[in-house]
Amino acid sequence: MKQKKIPTVYLVDSENVNDVWIRLVTNMAPEDEVLVFYTEKSPHMSYEKVIELTQLADRPIRWIKCVEGSNALDFQLVTELGARVATEPGHAFVIVSNDNGFDAAVKYWIQRDKDVRRMKSAECRQLVHKRPEELEAERISGQDMSEKRAAQPEDSASEQIYEYQADIEQLSRSIQMSKLTLFHDAFVCMYDQEIGDEIYYYMKEHQEELKGLSENYLPKRKARLKNYFYMALSHAGGDTSGTDEVMEIYNHIDEPKKNLQKLNVEAVKKFGQEQGSSYYKVLKKHVKIMSKL
């Protein structure tokens with residue numbers, strides 16, 4: 001007999017994860033629900049995302065406008081979580097945020113045998129490739145792992161940062177290990193301020209252990225730029241198949257940082273309006289970092 005799926009309520013910190021949460025909506029089961037917490041500081045959506053949401057109008061999405069203030073959205077999200085756990089004890093709850101400050105609330109509820117966990121934006125990006133049965137298996141597995149973490153002492157800094165090790169290694173191909181500030185700025189662009197700070201302080205405390213990554217540094221600047229842009233595209237959920245052609249455009253423009261409009265024009269001419277604009281959007285966000293590679 002097939003086991004009935006537990007309804008899941010997703011609580012989205014829109015200030016923190018941008019619009020990547022839309023991947024949840026395309027993969028959610030009919031009994032699931034998405035609560036989007038937003039303020040004036042929440043990033044604006046592109047027309048493509050608005051159209052995508054319009055086409056998913058039959059999905060249960062609830063928009064919650066939050067009172068603004070220091071960490072105000074976070075407090076309101078956690079308040080809603082507590083209320084829903086009390087009224088719907090048989091549901092699973094997922095906080096969608098890169099902010100590990102929510103982990104204290106997650107641990108609190110896990111210790112009380114409630115199905116609560118946090119999902120990062122990187123997990124949302126991967127959902128488009130997952131089948132429903134895979135998502136349910138991962139949800140159960142994630143719950144088991146959360147329970148194990150809750151039973152253990154506070155995580156060490158190295159355990160908390162482990163998930164970013166691959167990113168550090170890949171970025172070390174484009175940035176010298178001695179330039180920790182540049183690593184910080186790059187990760188802030190790829191993730192957000194908090195995660196960028198977290199990775200920076202980890203790298204600073206573990207410089208000796210990470211010193212060996214200096215061997216990864218690519219001697220040719222074009223190769224460093226290509227590696228960086230591919231990484232930036234991947235984190236933005238973009239199509240990486242055009243990386244070589246985009247970088248060819250970038251390398252043939254004098255002082256790209258001062259000629260952003262020309263970058264946009266050339267990208268649109270090469271790939272069309274939609275794809276060209278998406279490449280330009282990533283270039284514009286990362287051009288200052290790329291100029292220092």
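- Grouping the Ile, Leu, Val, Met, Phe, Trp and Tyr side chains by contacts below 4.5 angstrom, directly or via other members, places Val265 apart from Tyr280.
- The distance from the CG atom of Asp32 to the CD1 atom of Ile61 is 12.0 Å, given to the nearest 0.5 Å.
- In terms of heavy-atom proximity, Val106 sits nearest to Arg117 at CG1-CA, 3.8 Å.
- With a 4.5 Å cut-off on side-chain heavy atoms, His184 and Leu180 do not count as touching.
- Residues Lys222 and Met247 have side chains not in contact (no heavy-atom distance under 4.5 Å, counting atoms from C-beta outward).
- Of the candidates Asp103, Asp99, Asp13, Arg118 forms a side chain to side chain donor-acceptor pair (under 3.5 Å) with just one, namely Asp103.
- Trp63 pairs with exactly one of Leu35, Val12, Val34, Val36 by the side chain to side chain contact (heavy atoms under 4.5 Å, CB included) rule, that one being Val36.
- Contacts of Gln176 classified as side chain to side chain donor-acceptor pair (under 3.5 Å), with partners at least two apart in sequence or in another chain: none.
- Scanning both residues, Lys288 and Lys292, for their nearest heavy atoms gives O-CG, 3.5 Å.
- Taking all atoms of both residues into account, the shortest heavy-atom contact from Gly90 to Pro7 is O-CD, 4.5 Å.
- Looking at Tyr191 and Tyr164, their side chains come closer than 4.5 Å, going by heavy atoms from C-beta outward.
- Atom CG of Leu77 is separated from atom SG of Cys66 by 7.5 Å, given to the nearest 0.5 angstrom.
- In plain terms, the two heavy atoms of Ala186 and Ile175 that are nearest each other are CB-CD1, 4.2 Å.
- Counting only N and O atoms by type, the side chains of Tyr202 and Glu198 include no donor and acceptor under 3.5 Å apart.
- Two residues are said to be in side-chain contact when any heavy atoms from C-beta on lie closer than 4.5 Å; Ile289 and Leu182 meet this criterion.
- No side-chain heavy atom of Gln76 sits under 4.5 Å from any side-chain heavy atom of Leu81.
- Of the charged side-chain nitrogens involved, none lies within less than 4.0 Å of a carboxylate oxygen, so that Glu88 and Lys114 do not count as a salt-bridged pair.
- In this structure, a donor-acceptor pair under 3.5 Å is present between the side chains of Tyr217 and Arg224.
- With contacts defined as side-chain heavy-atom distances shorter than 4.5 Å, the pair Asp167/Met231 qualifies.
- With values rounded to the nearest 0.5 angstrom, Asn71 atom CG is found 9.0 Å from Glu15 atom CD.
- The aromatic ring centres of Tyr200 and Phe187 sit 6.0 Å or more apart.
- Phe37 is linked by a ring pair (Phe, Tyr, Trp, His ring centres under 6.0 Å) to nothing, counting only residues two or more places apart in sequence or in another chain.
- The CG atom of Asp192 sits 8.0 Å away from the OG atom of Ser97 when rounded to the nearest 0.5 Å.
- Between Tyr10 and Phe93, the ring center distance fails the sub-6.0 Å criterion.
- Of all heavy-atom pairs spanning Val282 and Ala232, the tightest one is CG1-CB, 3.9 Å.
- Here the CG atom belonging to Leu233 is positioned 7.5 Å from the CG atom belonging to Leu283, to the nearest 0.5 angstrom.
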Next on the checklist: Determine whether Ile64 and Arg62 satisfy the following criterion, side chain to side chain contact (heavy atoms under 4.5 Å, CB included), listing intermediate values before the conclusion.
Outcome noted: CA-CA 6 Å; Ile64 302 176; Arg62 179 182 165 202; 3.9 Å; yes
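- Hydrophobic clustering (ILVMFWY, side-chain heavy atoms < 4.5 Å, transitive): Leu218 and Tyr250 are in distinct clusters.
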Next on the checklist: What verdict does the side chain to side chain contact (heavy atoms under 4.5 Å, CB included) test give for Thr243 and Thr240, after you've listed the backbone C-alpha separation in whole Å, the side-chain angles of each residue and the deciding distance to 0.1 Å?
Outcome noted: CA-CA 5 Å; Thr243 301; Thr240 58; 3.9 Å; yes
Item to check | Worked check of side chain to side chain donor-acceptor pair (under 3.5 Å) between Glu205 and Tyr201 | outcome: CA-CA 6 Å; Glu205 292 172 7; Tyr201 288 121; over 6 Å; no
Next on the checklist: For Leu225 and Asn251: C-alpha separation, side-chain torsions, deciding distance, then whether side chain to side chain contact (heavy atoms under 4.5 Å, CB included) applies.
Outcome noted: CA-CA 9 Å; Leu225 286 167; Asn251 290 323; 3.5 Å; yes
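- Counting non-hydrogen atoms of neighbouring residues, nucleotides and ligands closer than 6.0 angstrom, the NZ atom of Lys285 exceeds 12 such neighbours.
- Aromatic ring centres of His286 and Phe229: separated by at least 6.0 Å.
- Other residues, nucleotides and ligands place no more than 12 heavy atoms under 6.0 Å from the OH atom of Tyr230.
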Next on the checklist: Walk me through whether Thr39 and Lys65 qualify under side chain to side chain contact (heavy atoms under 4.5 Å, CB included).
Outcome noted: CA-CA 6 Å; Thr39 68; Lys65 186 172 183 178; over 6 Å; no
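- A salt bridge does not link Lys262 with Glu266: every distance from a Lys NZ or Arg NE/NH1/NH2 to an Asp or Glu carboxylate oxygen is 4.0 Å or more.
- Val116 and Phe75 fall into different hydrophobic clusters, where Ile, Leu, Val, Met, Phe, Trp and Tyr residues are linked whenever their side-chain heavy atoms come under 4.5 Å apart, directly or through other members.
- Taking the side chain as every heavy atom from C-beta outward, Glu169 and Leu213 approach each other to under 4.5 Å.
- Between Ser277 and Val268 the shortest side-chain heavy-atom distance falls below 4.5 Å.
- Within 6.0 Å of atom CD in Glu68, more than 12 heavy atoms from other residues, nucleotides or ligands are found, so the atom counts as buried in its surroundings.
- A donor-acceptor contact closer than 3.5 angstrom links the side chains of Asp239 and Ser241.
- A donor-acceptor contact shorter than 3.5 Å is absent between the side chain of Gln111 and the backbone of Tyr108.
- No path of Ile, Leu, Val, Met, Phe, Trp and Tyr side chains, each step under 4.5 Å between heavy atoms, connects Val188 with Tyr228, placing them in separate hydrophobic clusters.
- Atoms CE and CG, from Met119 and Leu11 in turn, are 12.0 Å apart once rounded to the nearest 0.5 Å.
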